[in-house]
Amino acid sequence: MTSRPGDRNVRIYEVGPRDGLQNEATPIRTEDKLRYIELLADAGLRQIEATSFVSPRAIPQLADADELLAALPRREGVRYPVLVPNERGLARAEAAGVNAIAVFTAATDAFTSHNIGMTVAESLAAFAPVLARAGELGWWRRAYVSTAFGCPYTGRVAPQTAVDVARRLLDLGVEEICFGDTIGVGVPNQVGDLVNLAQGAGIRVSRQAFHFHDTRGTALANVAAGLAAGVRTFDSSAGGTGGCPYAPGAAGNLATEDLVYFLDASGWEHGVSLDGVLTAARFIAAKLGKPLTTKVGQAGGWDPATGAATGRGA
Ligand code: COA
Ligand code: ZN
């Protein structure tokens, strides 16, 4: 079966510093990004996607990636993957002392064309040498399949289409496939179907991750469906910031604080402190000059012993 009884450990993959910030117009200073990443690590997050080595023209907010990585204190047991679109990005990542990368394509040509100026097939050809080199260097490698449930340009995506792309990425040597619901249209039964179809194609649940956007309020329900199907890695962004600049109307990522509350209350173990995440979420919201609008960001957590709200801060 998909998961062992007693297997109650979930990995939260934090995307706030990368996916969260990439679509924000307010420029954030490098030192504030560093502080945000430190607060996330303090909260117990062990996978923190730090930035992108992409064209600074495509994503101006992350143009300081080289500087950021040079100044980032590495912590034992914490992985700081960076997004890499091509060999140029790989060279920058190598110079920055990175040891974990994520490449990113999608289920549809229309989306990849807008996002990285390539068809899906072209993107796979571009990633092949990048992933091979990263493998030689012993780096951890993840691949995103965006628009896994629907595309802002072409509509519905058949799960088999997303699985076909994922299978080809696995063949290029990645350790983890992350299916992204870029525009937040997926629902739980589709998640279960995708997980099972991927497993049938030889992509074990331990190699699958999911990246949900809460655009239509289905993100946590989708996490529950992923958990039921045996998936144990989920992406989220502290403060719920983010989205893709090439997916018009895409709302924020699933918020880490909402995910942590849900997992805690459901008895899943993950090693992340809700108070710690709320501290990071409040910090970045203040730097962005925005109120914290996530559910748990507003309501706080809840102590079942006393019935009192927790994590409200001072
Ligand atoms: N790092 C820094 N600069 C890069 C780069 C990299 N990894 N790759 C390309 N560039 C530069 C080129 O030098 C060129 O600069 P110039 O115009 O000053 O000469 C410019 O970017 C365009 O490069 P080109 O090779 O012609 O590619 P392109 O214009 O087709 O862009 C990508 C392709 C992939 C580089 C670009 O679309 C990109 O960075 N996209 C990232 C999108 C993203 O991060 N989306 C969010 C994730 S969901
Ligand atoms: Zn996202």
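What you see below is based on every heavy atom in this structure, not just the backbone, and it leaves out hydrogens, waters and symmetry mates. Note that ligands are numbered from 1 as they come in the structure, with each ligand's atoms numbered from 1 the same way.
Angle subtended at the Zn ion (ligand 2) by Asn253 OD1 and His213 NE2: 80°, rounded to 10 degrees.
Proximity of Asn86 to ligand 1, defined as any heavy-atom pair under 4.0 Å, is confined to the side chain (atoms from C-beta onward). With a 4.0 Å cut-off on non-hydrogen atoms, Val54 touches ligand 1 through its backbone as well as its side chain. Residue Ser55 touches ligand 1 through backbone and side chain together, judged by heavy-atom distances below 4.0 Å.
Environment of CZ in Arg79: crowded, with over 12 heavy atoms of neighbouring residues, nucleotides or ligands closer than 6.0 Å. Heavy-atom neighbours of Arg74 CZ from other residues, nucleotides or ligands within 6.0 Å: above the threshold of 12.
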Test salt bridge (Lys or Arg N to Asp or Glu O under 4.0 Å) applied to Glu176 and Arg11, step by step | CA-CA 12 Å; Glu176 183 168 282; Arg11 292 158 72 232; 3.0 Å; yes

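When distances from the Zn ion (ligand 2) to the N, O or S atoms of Asp19 are compared, OD2 comes out shortest.
Between the Zn ion (ligand 2) and Asp235 there is no N/O/S contact shorter than 2.8 Å. Because the distance cut-off is set at 2.8 Å, Ser237 fails to qualify as a neighbour of the Zn ion (ligand 2), as none of its N, O or S atoms comes that close.
By the 4.5 Å heavy-atom criterion applied to side chains, Leu263 and Phe234 are not counted as neighbours.
Looking at ligand 1, you'll find an N or O of Phe53 within less than 3.5 Å of one of its N or O atoms. The distance criterion of under 3.5 Å between nitrogen or oxygen atoms is not met by Phe104 with respect to ligand 1. Considering backbone and side-chain atoms together, Ser52 places no N or O closer than 3.5 Å to any N or O of ligand 1.
Using a 4.0 Å cut-off between charged nitrogen and carboxylate oxygen, Asp235 and Arg142 count as a salt-bridge pair.
Ring geometry, Phe212 versus Phe149: the interplanar angle falls from 30° to 60°, so the pair is classed tilted.
Near Gly89, meaning under 4.0 Å from one of its heavy atoms, ligand 1 places the atoms 7 (N). Under a 4.0 Å criterion applied to the non-hydrogen atoms of Pro56, ligand 1 contributes the atoms 2 (C), 3 (N).
The shortest heavy-atom distance from Ser146 to ligand 1 is not under 4.0 Å.
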Using a 3.5 Å cut-off and no angle test, enumerate the donor-acceptor pairs between side-chain atoms of residues 80-88 and protein atoms at least two apart in sequence or in another chain.
from, atom 1, to, atom 2, distance (Å)
Asn86, OD1, Arg88, N, 3.4
Asn86, OD1, Gly89, N, 2.8

Cut-off 3.5 Å, no hydrogens considered: what does the side-chain donor-acceptor table look like for residues 301-308, sequence neighbours left out?
from, atom 1, to, atom 2, distance (Å)
Trp302, NE1, Gly307, O, 3.2
Asp303, OD1, Ala305, N, 2.8
Asp303, OD2, Thr306, OG1, 3.4
Thr306, OG1, Ala308, N, 3.1

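Remark: Arg141 is not positioned above the aromatic ring of Phe127, lacking an NZ or CZ atom under 6.0 angstrom from the ring centre and at most 45 degrees off the axis.
Counting only non-hydrogen atoms, the option in Arg57, Arg88, Gln22, Arg18 that gets closest to atom 16 (P) of ligand 1 is Arg57.
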